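Treat the numbers as computed from the prediction; the structure is a model and nothing was measured.
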Amino acid sequence: MSDKIRIYDLARKLNKSNKELLAVLQQLDVPVKSHSSSIDEETAQIVENIIQEASEAKSQEKKQHNAEPSKTKPEKFAKAQNRKDSRDTEDAGRNLNKLDKQEKEEQEHPQKIQKSPKPQKPQKFQNQPRNQKPAPAPAKPEPKPAQPVQAAPQAKPAAKLVERPPIITVMGHVDHGKTTLLDHIRHASVAEHEAGGITQHIGAYVVMQDGKPIVFLDTPGHEAFTAMRARGAGVTDIVILVIGADDGVMPQTREAIDHIKAAGVPLVVAINKIDKQGAKPDRVRQQLADLGIFVEGWGGDVGAVEISAKQGIGVSDLLERVLLEAEMQELKADPNATPEGVVIEARLDKGKGPVATVIVKDGTLKAGDIVLFNSTWGKTRALFDWAGKGLKAAGPSTPVEILGLSDVPNPGESFKVVKNERDARAALDEAKLKEREAAAEVKRASFEDLYSNLQEGQLPHMNLVVKCDVQGSLEALCAVLEKLATNEVGVSIVHRGVGRIAESDVMLASASNAVIVGFNVRPDGNAKRVAELNGVEIRIYNVIYDIIDDVKAAMAGLLKPNLREETLGEVEIRQIFKIPKIGRIAGSHVTKGIVKRTAKVRVIRDGIVIWDGKIASLRHEKDEARELKAGMDCGISLEGYQDFEPGDILEVYEVIEEKRTLE
């Protein structure tokens, strides 16, 4: 054993779960964060001794437990049934409390047992294990032992959640070996059939590792398909980030990392192509550390496995690391719930019609179910797995193709099963109406509405996507923007890059509710179209100081304003009028300043504030008034308060918001 060992390696060695080892370490007060933490050799030996002692004790107890029934032979019971002492009766009461009454009857009338052809009666209670069912007997009171079975229905709610397979997305830079890795895992020549060796669509595959299924989403790594990658991360439990050991971290790798961070998905790094000359795995680890991802052995707990997808080196270790992450997440679902899931891909097939590839997230989807999507519906005419085989049902985390839809759904849409076609049509009409209303007023982040979004609690900080013409300008601009952050307002750069503003940048900004800032760059045609469609703001600058000024102004809007109270006037209540269906009206005289209908008011009695609220109505003679000056009489009613008395003073004031600036 080495000086340091990971908890999951020790668990594999001892054939125990990570949770069991973490529980033992917590009892020993050993500070560990997760299964990826390391412990020293001495601690590992202590844990191993504790596990072995517990196993030996459990084994010894099991041997004693199994030895007890051997004494209870029918012949022995037949001879000893009239010589039972009080200790035997106490044992029977501890094992089966509900047979006490029956046992007393047997002791009072032993002749009934002697007449029985087989001495099976004593097997019901003497030295009987709790989990062993009593043997049948001819006596009529026999149904009583079956009463404890009534507790079984109470366990059904807890049994609804079952373990489900993890859903894995493979990401990375173009030509770093993502498809080759999946090709090796599922033993199918997919890479040979793809255009240019680049994945052109999202495929879903199921593989087995150590008898456990794993669902893989093959998300394309080329820049043109970044939007598909973002969609794949939305249904993912764990991401495998493939990085070539020869090239290191590339632009699409950084893009993938930004998507992973935005989705908050656990990550396992696969350092590929270690069999090539010039491979430098440690350089990859250093580059990841520079991006804030610290792998195991480099001060972090992110799994990193060195592999060769072409040669198959380390692939098994990678799958074991994925299953380890899945085990710690405790992925569960209810197969009996209403089926629902997400569309991964959809197409219009000439022979089959509309076809949708979906992932079932909960419940069990069956052939014949009525499925409702955001944009269409249909009756599942047939279900096919990833290999094209027909299915009758698909449980949680199962990728499946659906036939029988009325139209092609959009990738990324959710679906659920409804009772009948009428409900599906009605729900779809209502959804389309809401979609049209929402499309009329798309809300995305912009410098102008940042403050209003903060008031609604939607945006605690400012998200930016920064694109520049050269790397030097990008580093300088991002450094200045990040320094603008304060304790009250944060600046988060969700993505930074060099080159034109592409469609992928717009999709990431849309998903992150961010503003795109470009310096000496322009968006292409597709980026403009997608930005207009999704309401994403793109700001183009030629001077860095203009960017800084605009961001400062927007951040100043994010600051909570100073609230200043300004007293407008005072009113003395001189007489109370009672009006039917309205209540009490304060006949008052403005003694100082002015009274505004929209102002706030305090009721002061003997120098003590007894109520604070708003004015419900303000009248002068018989007319409604917006504002009254000193020396004028008026009638005032207050919102939700009528316990005022003659002589009370009404202090009229308003609260003024003063904008703050960044210091």
Mind running side chain to side chain donor-acceptor pair (under 3.5 Å) on Thr376 and Asp407 for me, showing each step along the way?
-> CA-CA 6 Å; Thr376 186; Asp407 200 357; 5.3 Å; no

For the side chain of Asp429 and the backbone of Ala426, is there at least one donor-acceptor N/O pair under 3.5 Å apart?
-> no

Ile214 and Leu323: CA distance, side-chain angles, deciding distance, side chain to side chain contact (heavy atoms under 4.5 Å, CB included) verdict | CA-CA 8 Å; Ile214 305 176; Leu323 288 176; 3.7 Å; yes

Which heavy-atom pair separates Val342 from Lys361 by the least distance, and what is that distance?
-> CG2-CD, 3.5 Å

Ser510 side chain to Val506 backbone, donor-acceptor under 3.5 Å = no

Asp349 side-chain N/O to Gly353 backbone N/O, donor-acceptor pair under 3.5 Å = no

Does Asp362 offer a backbone N or O that forms a donor-acceptor pair with the side chain of Glu340 under 3.5 Å?
-> no

From CG (Leu391) to CD (Glu401), nearest 0.5 Å | 10.5 Å

Within 6.0 Å of CD in Glu163, more than 12 heavy atoms from elsewhere = no

Value for CG (Asp524) from CZ (Arg500), rounded to nearest 0.5 Å, stands at 4.5 Å

Is there a side chain to side chain contact (heavy atoms under 4.5 Å, CB included) between Val417 and Leu365 once you walk through the steps?
-> CA-CA 8 Å; Val417 172; Leu365 182 64; 3.8 Å; yes

List the steps and the verdict of side chain to side chain donor-acceptor pair (under 3.5 Å) for Asp290 and Gln286.
-> CA-CA 6 Å; Asp290 295 339; Gln286 181 61 55; 3.2 Å; yes

pair Glu325-Val268: side-chain heavy atoms closer than 4.5 Å | yes

Using a strict 4.0 Å threshold on nitrogen-to-oxygen distance, state whether Asp237 and Arg164 make a salt bridge.
-> yes

Below 4.0 angstrom, N of the basic side chain to O of the carboxylate: do Glu306 and Arg285 qualify?
-> yes

For Leu288 and Val295, which heavy atoms make the closest approach, and how far apart are they?
-> CD1-CG1, 4.1 Å

Do Ser492 side-chain atoms and Asn463 backbone N/O form a donor-acceptor pair below 3.5 Å?
-> no

Decide yes or no on side chain to side chain contact (heavy atoms under 4.5 Å, CB included) for Ile501 and Ile538, but give the supporting numbers first.
-> CA-CA 9 Å; Ile501 298 174; Ile538 300 177; 3.8 Å; yes

Close side-chain approach of Ile516 and Glu537, heavy atoms under 4.5 Å | no

Quick one: closest heavy-atom pair of Leu318 and Ala270, and the distance?
-> CD2-CB, 4.0 Å

Which atom names give the shortest non-hydrogen contact between Ala256 and Gly172, and what distance separates them?
-> CB-N, 4.5 Å

Taking every non-hydrogen atom, the tightest pair across Glu413 and Asn374 | OE1-N, 3.2 Å

Once you round to the nearest 0.5 Å, how far does CE of Met171 lie from CD1 of Ile260?
-> 5.0 Å

Does the side chain of Ile313 come within less than 4.5 Å of Ile307's, by heavy atoms?
-> no

Is it true that Tyr205 and Phe216 have ring centroids separated by less than 6.0 Å?
-> no

Counting only heavy atoms not in Lys352, do more than 12 fall under 6.0 Å of its NZ?
-> yes

Charged N to carboxylate O below 4.0 Å: is that the case for Glu532 and Lys528?
-> no

SB check Arg496 Glu255 (cutoff 4.0 Å) = no

Using a 4.5 Å cut-off on heavy atoms from C-beta on, say whether the side chain of Val358 contacts that of Phe373.
-> yes

Asn420 side chain to Arg422 backbone, donor-acceptor under 3.5 Å | yes

Are any of the side-chain heavy atoms of Asp258 and Leu508 separated by less than 4.5 Å?
-> yes

Euclidean distance, Asp423 CG relative to Trp377 CH2, rounded to 0.5 Å | 11.0 Å

Given side chains that start at C-beta, do those of Val269 and Ile243 come closer than 4.5 Å, heavy atoms only?
-> yes

Would a distance-only check, ignoring hydrogens and angles, find a side-chain to backbone donor-acceptor pair under 3.5 Å from Ser512 to Ala509?
-> no

Go through the steps to decide whether Lys212 and Glu320 satisfy the test salt bridge (charged side-chain N to carboxylate O under 4.0 Å, His left out), and finish with yes or no.
-> CA-CA 10 Å; Lys212 296 181 180 180; Glu320 288 182 7; over 6 Å; no

Between atom CG of Asp246 and atom CZ of Arg283, what is the distance when rounded to the nearest 0.5 Å?
-> 7.5 Å

Counting N and O atoms only, with roles assigned by atom type, does the side chain of Lys419 sit under 3.5 Å from a partner on the main chain of Ile370, one being a donor and the other an acceptor?
-> no

State, with a plain yes or no, whether a side-chain heavy atom of Ile168 is found less than 4.5 Å away from one of Val322.
-> yes

Answer yes or no: is there a donor N or O on one side and an acceptor on the other, between the side chain of Asp275 and the main chain of Ser308, under 3.5 Å?
-> no

What's the spacing between Leu372 CG and Glu421 CD if we round to 0.5 Å?
-> 12.0 Å

Taking only Lys NZ, Arg NE, NH1 and NH2, and the carboxylate oxygens of Asp or Glu, determine whether Asp369 and Lys379 approach each other closer than 4.0 Å.
-> no

Side chain to side chain contact (heavy atoms under 4.5 Å, CB included) evaluation trace for Leu319 with Ile185 | CA-CA 9 Å; Leu319 295 181; Ile185 291 174; 4.0 Å; yes

Grab the two heavy atoms, one from Gly248 and one from Val284, that are nearest each other, plus how far apart they are.
-> CA-CG2, 4.0 Å

Are any non-hydrogen side-chain atoms of Thr169 and Ile240 less than 4.5 angstrom apart?
-> no

Has the side chain of Ser397 got a donor or acceptor atom that lies under 3.5 Å from a matching backbone atom of Val215?
-> no

